[in-house]
Trainee: 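Could you have a look at this structure, given as structure tokens, before my questions?
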Amino acid sequence: MPAVFNPARRLDEALQSAAASAGLPAADFAPEVRPADAQHGDFQANGVLPFAKRHRLTPRVLANQLVAALPADVLTDCTVTVAGPGFINFTLRTGALAAWLQDFGTREALAAGAAAGPLAGQIWLVDYSSPNTAKQMHVGHLRSAVIGEAIARLLAFGGARVIRDNHIGDWGTQFGKLIWAYRRHLDAAALARDPLEEFERLYKAGNAASEADPAVLKEAQQELVKLQAGDADNLAVWRHINEVSLAAFQEIYDRLGIRFDLTLGESFYNDKVSAVYRELTAADLAAESQGALVVFHPEHPRFKTQPFIIRKSDGAANYATTDLATILHRTEALHTDGVLYVVGKPQADHFEQLFLTAKKWFEKTGRTLPRLAHVDFGTVLGENGKALKTRTGDNIKLKELLAEAEARAFTLVSEKSGALPDAERRAIASVVGIGSVQYADLAQNRSSDYVFAWDKMLALDGNTAAYLLYAVARIHSIFRKAGATPGDAAAEAGASALETPAELALARKLVKFPDAVQAATAQLRPHFLCLYLFELAGEYSSFNTADKVLVDDPPVRARRLLLCARTLLILETGLGLLGLRTLQRM
RNA sequence: GCGGUGGUAGCUCAGGCGGAUAGAGCAACGGUUUUCUAAACCGUCGGUCGCGGGUUCGAGUCCCGCCCACCGCGCCA
């Protein structure tokens, strides 16, 4: 019988069927099987106590009843005990550990196991990054990009069809001044060198000129009116600005391993907003107030008085309008089952109003709303506890932040591995530097603010990218020395049963990978996976110290190489899900 | 003022629907290398989970009140 991908889920199901076959009211029994503290075994069922409470049963008696009714195959794979007030503890037998490691020994097998989950066949759209064109990406754009990409990868691994959509801000009022300056002061050489730098310079020039001279302001406003009216010349300039901006963004995305499926910015929804006004008004959801079209929610303590403005008093759309139009498009044209907005926490009110409005709108018009969720994240703070800025109070440009990460990593690599050729040290520094920025962001619960600190981020020990990448590199090093390829069946042939405490502890950690991925995906919180990978790397390092791999005894050597190969596979797969690259040497 | 989020070891943080003796990392202190990368490993020290009440077999977690910090609250996104 093949091993089950996620042992925790399998035990969960086994307990539910045990409850049913024992004649218990299984319908409201959630066994809550989770990885346990090692002293108690591999997994524990937490759900027995609440279940007993609901039905006024004696917890330990209930636990024993459940254990007695467990399917036989569970008992061949695990030792099961009842402990404490009514916990059921499961410890996998060595044979079951070995079977799992055998059956899930390739990336394809892991992917197939994970993709059989509840997301299989669903379409999920992830809306993330979403910078404004004609401006540099800065540190405020970092978390959305990094967290959004990790979540997209997790969902895809879980079997969903994922649509990555970059909802760029490409239709703001800034284009009037920008086009005005573009026509008069464009520096072609500067544009070629760094287009976003040049656009920012132009915008500032246009803004300054408008402030100094009312005639210029008027000209700029007319440029905007012409653009919005569809003037061919201005549209061409606008298109050029956006194209060049996107190409510049892509340079950042390439460094972060991001590639979007769609880039549908605000301009895409220009011709789709009038339907929003019409439908929401017809549905009696929107009404005029102080010259604007707004939606109130009378049943809501706050939104009964705090308006959701969907058309400004000057008649223009705002982001509430386009966000509503976007939901309709994602429902009717893209057929999404779910949409995730990876946007900072300060916008929580906006999304609550948006979702509430969309829910009523769709109900009134007989449409089915996809699942919508605001995947929020906290602000990146400087060491002073305030939003991270340069010393002069400007936003820190993302390209400069990433360059600094690589430079700092290069210094580090040169200290530790000075013997490696310069080009290789640069390549390593790129992976370590960028990976450290990504990992520091992902390793913490996304909902809390986080303090950006180079020293912590690039530290060689603790829960950092460098620590994990080092474990990967050490495993590759062993295979180089052994003259074998990781996962090669020949190196693992004739492996004897796992035996030493360090071997068993490592194997026990490996089989919990599916649970970590499941937790990270279900809750859209990548830090669960980070924590798991850190603990796995720790178990590996302990094993690496305690048990020499390349020993003379062939069966021992084979089983340790197998453990190394599986650890490598899971570390590389897990880091890949987070969007990090890995190394063979560092 | 109204609302949201948070306050856990000296520092930075975990803590999945209320479960076992509240955990990591850093820092501090002590140890480990003729051996596959010591960017490592092992150990010690460290707690009024902001304060006060409540709910119950059981509360860092849920409820009420208070203190403090940050964020949001009509035409930016």
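Naming convention: chains lettered A, B, ... in sequence-line order (proteins, then strands); numbering from 1 in each chain.
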Trainee: Remember a base hit wins even if backbone is also touched, and classify A:E535 as base, sugar-phosphate or nothing at under 4.0 Å, heavy atoms.
Mentor: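 No contact at all - A:E535 keeps every heavy atom at 4.0 Å or more from the nucleic acid.
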Trainee: Base, sugar-phosphate, or nothing for A:D376, non-hydrogen atoms under 4.0 angstrom?
Mentor: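 It contacts nothing in the nucleic acid.
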Trainee: In B/S/- notation, 5' to 3', how is nucleotides 62-72 of chain B contacted by protein heavy atoms closer than 4.0 Å?
Mentor: ---------SS
Trainee: Rounding to a whole Å, what distance do you find between A:N544:CG and B:A40:C1'?
Mentor: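 Interatomic distance, CG of A:N544 to C1' of B:A40: 8 Å.
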Trainee: How would you label the contact of A:R585 with the nucleic acid (heavy atoms, under 4.0 Å): base, sugar-phosphate, or nothing?
Mentor: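 If one applies the 4.0 Å heavy-atom cut-off, A:R585 turns out to touch a base.
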Trainee: Taking RNA chain B as the partner, which of residues 287-296 of chain A come within under 4.0 angstrom of it by heavy atom?
Mentor: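 Those residues are A:S289, A:Q290, A:A292, A:V294.
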Trainee: Side-chain donor-acceptor pairs under 3.5 Å in residues 406-416 of chain A, sequence neighbours left out?
Mentor:
| from | atom 1 | to | atom 2 | distance (Å) |
| --- | --- | --- | --- | --- |
| A:E406 | OE1 | A:R255 | NH2 | 3.0 |
| A:E406 | OE2 | A:S430 | OG | 3.0 |
| A:R408 | NE | A:E404 | OE2 | 2.9 |
| A:R408 | NH2 | A:E404 | OE2 | 3.0 |
| A:T411 | OG1 | A:A407 | O | 3.1 |
| A:S414 | OG | A:F410 | O | 2.8 |
| A:S414 | OG | A:R425 | NH1 | 2.9 |

Trainee: Just checking A:A466: base, sugar-phosphate only, or nothing, at a heavy-atom cut-off of under 4.0 Å?
Mentor: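 Counting heavy atoms under 4.0 Å across all strands, no contact is made by A:A466.
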Trainee: Would you classify A:Q347 as touching base, sugar-phosphate or nothing, given that sugar-phosphate means primed atoms plus P, OP1 and OP2, and contacts are heavy atoms under 4.0 Å?
Mentor: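 Touches a base.
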Trainee: Rounded to whole angstrom, note down the C1' distance from B:A28 over to B:U33.
Mentor: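 Their C1' atoms lie roughly 24 Å apart.
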Trainee: Between the side chains of A:R330 and A:D165, is the shortest nitrogen-to-carboxylate-oxygen separation below 4.0 Å, so that they form an ion pair?
Mentor: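 Yes, this pair counts.
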Trainee: Which pair of non-hydrogen atoms, one from A:L388 and one from A:G382, has the smallest distance, and what is that distance?
Mentor: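 Smallest heavy-atom distance, with atoms named: CD1-CA, 3.4 Å.
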Trainee: Rounding to an integer number of Å, can you tell me how far A:F377 CZ sits from B:G6 P?
Mentor: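 So the CZ-P distance, A:F377 to B:G6, works out to 16 Å.
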Trainee: Do NZ/NE/NH1/NH2 and the carboxylate oxygens of A:E424 and A:R585 come within less than 4.0 Å?
Mentor: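 A:R585 and A:E424: salt-bridged.
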Trainee: When the C1' atoms of B:A24 and B:C66 are compared, how many Å lie between them, rounded to an integer?
Mentor: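 It comes out at 32 Å once rounded to the nearest Å.
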Trainee: Donor-acceptor check, side chain of A:H297 to backbone of A:E299, threshold 3.5 angstrom: yes or no?
Mentor: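 No.
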Trainee: Going by side chain to side chain donor-acceptor pair (under 3.5 Å), name the residues that satisfy it together with A:T582, two or more places apart in sequence or in a different chain.
Mentor: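 Partners of A:T582 under the side chain to side chain donor-acceptor pair (under 3.5 Å) test: none.
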Trainee: Going by side chain to side chain donor-acceptor pair (under 3.5 Å), name the residues that satisfy it together with A:Q174, two or more places apart in sequence or in a different chain.
Mentor: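 For A:Q174 there are no side chain to side chain donor-acceptor pair (under 3.5 Å) partners, ignoring immediate neighbours.
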Trainee: Which of the following nucleotides, B:A40, B:C17, B:U21, is nearest to the side chain of A:Y470?
Mentor: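 From the listed options, B:A40 comes nearest.
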Trainee: OP1, OP2 of B:A77 versus side-chain N and O of A:T322: anything below 4.0 Å?
Mentor: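 So the side-chain polar atoms of A:T322 never come under 4.0 Å of the phosphate oxygens OP1 or OP2 of B:A77.
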Trainee: Could you tell me how far B:A77 sits from B:G72 if I compare only their C1' atoms? Round to whole Å.
Mentor: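 Result for the C1' pair: 14 Å, nearest Å.
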Trainee: Of the nucleotides B:A40, B:G16, B:A20, which one has an atom closest to the side chain of A:Q523?
Mentor: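 Looking only at heavy atoms from C-beta outward on A:Q523, the closest nucleotide is B:G16.
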Trainee: Once you round it to whole Å, what is the distance between P of B:A59 and CG of A:L49?
Mentor: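 To the nearest whole Å, that distance equals 14 Å.
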Trainee: Quiz question: by atom type and distance under 3.5 Å, do the side chains of A:Y128 and A:H167 form a donor-acceptor pair?
Mentor: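 There is no such pair (donor and acceptor under 3.5 Å, judged by atom type) between the side chains of A:Y128 and A:H167.
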Trainee: Contact class for A:S542 (heavy atom, under 4.0 Å): base, sugar-phosphate, or nothing?
Mentor: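 Sugar-phosphate contact only.
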Trainee: Dot-bracket, 5' to 3', for RNA chain B please: Watson-Crick or G-U pairs under 3.5 Å, [ ] where pairs cross earlier ones, | where the partner sits on another strand, dots elsewhere.
Mentor: (((((((..((((.....[...)))).(((((.......))))).....(((((..]....))))))))))))....
Trainee: Please tell me whether A:Y203 and A:F175 form a close aromatic pair, meaning their ring centres lie under 6.0 Å apart.
Mentor: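 Ring centres of A:F175 and A:Y203 not closer than 6.0 Å.
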Trainee: Expressed as a whole number of Å, how far does the C1' atom of B:C17 sit from that of B:C76?
Mentor: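 The answer is 39 Å between these two C1' atoms.
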Trainee: I'd like the P distance from B:A27 over to B:A22, given in whole Å.
Mentor: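 My reading of the P atoms in B:A22 and B:A27 gives 26 Å.
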Trainee: Between the side chains of A:D127 and A:S130, does any donor sit under 3.5 Å from an acceptor?
Mentor: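 There is such a pair (donor and acceptor under 3.5 Å, judged by atom type) between the side chains of A:D127 and A:S130.
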Trainee: Between B:G30 and B:U34, how far apart are the two C1' atoms, rounded to whole Å?
Mentor: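 Taking atom C1' in both B:G30 and B:U34, they lie 24 Å apart.
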Trainee: Classify the nucleic acid contact of A:V451 as base, sugar-phosphate or nothing, counting any heavy atom under 4.0 Å across all strands shown.
Mentor: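 The residue A:V451 makes sugar-phosphate contact but no base contact.
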Trainee: Take nucleotides 22-35 of chain B nucleotide by nucleotide from the 5' end and write B, S or -, depending on whether a protein heavy atom sits under 4.0 Å from the base, only from the sugar-phosphate, or from neither.
Mentor: --SSS--------B
Trainee: Taking atom C1' in both B:G16 and B:G4, compute the distance separating them and give it to the nearest angstrom.
Mentor: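 It works out to 23 Å between them.
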Trainee: Give a yes/no answer on whether the side chain of A:N445 brings an N or O atom under 4.0 Å of OP1 or OP2 in B:G15.
Mentor: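 Yes, such a contact exists.
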Trainee: Is A:D515 touching bases, backbone alone, or none of the nucleic acid, heavy atoms closer than 4.0 Å?
Mentor: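 Contact class for A:D515: base.
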Trainee: Could you list all the ring pair (Phe, Tyr, Trp, His ring centres under 6.0 Å) pairs where at least one residue sits in residues 441-463 of chain A, not counting sequence neighbours?
Mentor: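 Found A:F452-A:W454.
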Trainee: With respect to A:S436, which candidate in A:L469, A:T464, A:L458 satisfies the side-chain contact (heavy atoms from CB on, under 4.5 Å) definition?
Mentor: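 So, applying the side-chain contact (heavy atoms from CB on, under 4.5 Å) to A:S436 and each of A:L469, A:T464, A:L458, only A:L458 qualifies.
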Trainee: List, one per line, each side-chain donor-acceptor pair under 3.5 Å for residues 526-537 of chain A, sequence neighbours excluded.
Mentor:
| from | atom 1 | to | atom 2 | distance (Å) |
| --- | --- | --- | --- | --- |
| A:Y532 | OH | A:K509 | O | 2.7 |
| A:Y532 | OH | A:L510 | O | 3.4 |
| A:Y532 | OH | A:F513 | N | 3.4 |
| A:E535 | OE1 | A:K509 | NZ | 2.7 |

Trainee: Are A:D515 and A:R34 ion-paired here, with the side-chain N under 4.0 Å from a carboxylate O?
Mentor: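 Result for this pair is no, no salt bridge flagged.
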Trainee: Considering residues at least two apart in sequence or located in another chain, which fulfil the ring-ring contact (aromatic ring centres under 6.0 Å, His included) criterion with A:H374?
Mentor: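 Scan of A:H374 (ring-ring contact (aromatic ring centres under 6.0 Å, His included), adjacent residues dropped) gives A:F351.
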Trainee: Applying a 4.0 Å non-hydrogen cut-off, can you work out what A:N89 is touching in the nucleic acid: base, sugar-phosphate, or nothing?
Mentor: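 The answer is base, as A:N89 lies within the cut-off (heavy atoms under 4.0 Å) of a base atom.
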Trainee: Does A:D170 reach the main-chain N or O of A:S267 with its side chain, forming a donor-acceptor pair under 3.5 Å?
Mentor: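 Looks like yes, one N/O pair under 3.5 Å.
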Trainee: Heavy atoms under 4.0 Å, any strand shown: does A:Y467 hit a base, just sugar-phosphate, or nothing?
Mentor: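 Sugar-phosphate, no base atom in range.
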Trainee: In whole angstroms, how far is the P atom of B:A39 from the CD1 atom of A:I475?
Mentor: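 Rounded to the whole Å, the gap is 16 Å.
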Trainee: Contact class for A:A316 (heavy atom, under 4.0 Å): base, sugar-phosphate, or nothing?
Mentor: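 The answer is nothing, as A:A316 stays clear of every strand by at least 4.0 Å.
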Trainee: Roughly how many Å apart are B:G23 and B:U44, using the P atom of each and rounding to a whole number?
Mentor: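 These two P atoms come out 14 Å apart once rounded.
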Trainee: Within the 4.5 Å heavy-atom criterion, are A:L264 and A:I168 side-chain neighbours or not?
Mentor: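 Side-chain contact under 4.5 Å: no.
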Trainee: Under the side chain to side chain donor-acceptor pair (under 3.5 Å) rule, collect the residues that match up with A:D12, sequence neighbours excluded.
Mentor: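 For A:D12 there are no side chain to side chain donor-acceptor pair (under 3.5 Å) partners, ignoring immediate neighbours.
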Trainee: What does A:H527 touch in the nucleic acid at a heavy-atom separation under 4.0 angstrom: a base, only the sugar-phosphate, or nothing?
Mentor: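 Sugar-phosphate: the residue A:H527, judged by heavy atoms under 4.0 Å, touches backbone atoms but no base.
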Trainee: Name the orientation of the base relative to the sugar in B:C66: syn if the glycosidic angle is within 90° of 0, else anti.
Mentor: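 Base orientation: anti.
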Trainee: Is A:Q353 reaching over with its side chain to a backbone N or O of A:Q306, donor-acceptor style, under 3.5 angstrom?
Mentor: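 Between the backbone of A:Q306 and the side chain of A:Q353 there is a qualifying donor-acceptor contact (under 3.5 Å).
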Trainee: Could you identify which residues of residues 169-177 of chain A place a heavy atom less than 4.0 Å from some atom of RNA chain B, listed by residue number, or say none?
Mentor: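 Nothing qualifies; none.
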